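Here's the structure, in structure tokens; my notes come after.
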Amino acid sequence: MNLIMTILTITAALSLILATISFWLPQMNPDAEKLSPYECGFDPLGSARLPFSLRFFLVAILFLLFDLEIALLLPLPWGDQLNNPTGTFFWATTVLILLTLGLIYEWTHGGLEWAE
């Protein structure tokens, strides 16, 4: 019982100290960009019909695609405990090969070049 109370006291005190330090430590120097409700750098009061670069969307879609790859391959370490782990590794390898071929295709066609 004494050990549990000691651990609870230490964790509570450490949490309180860290929370107090986190309020005092940061320097608050807000400027116009930090006070803007948008983080993308556009003027929130300007026109919403400004031309937009399609390359920005292409890079964003590629990021989402490879982020999805991570989500699909995340349960792979548990795949070796199945009855047929070679099937799991076959499909994981297929996903990786398809994504690698897609990346090579985008790279060779200049889809990853931001400026021409």
Side-chain angles (χ1 to χ4, degrees):
M1 185 67 175
N2 196 11
L3 179 64
I4 293 174
M5 287 305 293
T6 305
I7 291 173
L8 287 175
T9 304
I10 290 173
T11 56
L14 186 62
S15 299
L16 185 65
I17 289 170
L18 289 175
T20 305
I21 289 174
S22 72
F23 281 114
W24 283 337
L25 193 60
Q27 298 175 354
M28 298 291 187
N29 298 327
D31 56 356
E33 285 83 17
K34 289 182 181 178
L35 293 176
S36 175
Y38 298 100
E39 296 177 0
C40 60
F42 294 109
D43 183 20
L45 302 177
S47 174
R49 304 283 185 231
L50 295 175
F52 214 61
S53 173
L54 291 179
R55 293 206 181 264
F56 173 78
F57 291 114
L58 177 66
V59 171
I61 288 172
L62 286 174
F63 173 76
L64 289 175
L65 178 70
F66 287 103
D67 194 37
L68 180 65
E69 169 201 358
I70 298 300
L72 289 174
L73 296 178
L74 196 59
L76 188 61
W78 291 280
D80 62 350
Q81 298 174 1
L82 297 174
N83 293 334
N84 187 11
T86 56
T88 303
F89 292 123
F90 169 75
W91 289 112
T93 306
T94 304
V95 168
L96 284 174
I97 289 172
L98 283 174
L99 287 171
T100 304
L101 290 175
L103 179 64
I104 291 170
Y105 177 79
E106 285 292 328
W107 197 335
T108 56
H109 283 76
L112 299 177
E113 298 292 329
W114 187 258
E116 295 183 21

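Just so you know, these numbers come straight off a predicted model, no measurement behind them. Numbers for residues simply follow the sequence, beginning at 1.
- Counting heavy atoms from C-beta on, the side chains of Leu99 and Val95 come closer than 4.5 Å.
- In terms of the side-chain contact (heavy atoms from CB on, under 4.5 Å) criterion, residue partners of Ile97 (sequence neighbours excluded) are, by chain and number, Thr93, Leu101.
- Taking CG of Leu25 as the start and OG1 of Thr20 as the end, the distance is 12.0 Å to the nearest 0.5 Å.
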May I have the list of side-chain donor-acceptor pairs in residues 1-17 shorter than 3.5 Å, sequence neighbours left out?
unit_1, atom_1, unit_2, atom_2, d
Thr6, OG1, Asn2, O, 2.8
Thr9, OG1, Met5, O, 2.7
Thr11, OG1, Ile7, O, 3.0
Thr11, OG1, Leu8, O, 3.0
Ser15, OG, Thr11, O, 2.8

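- Among residues two or more places apart in sequence or in another chain, the side-chain contact (heavy atoms from CB on, under 4.5 Å) test is passed with Thr94 by Phe90, Trp91, Leu98.
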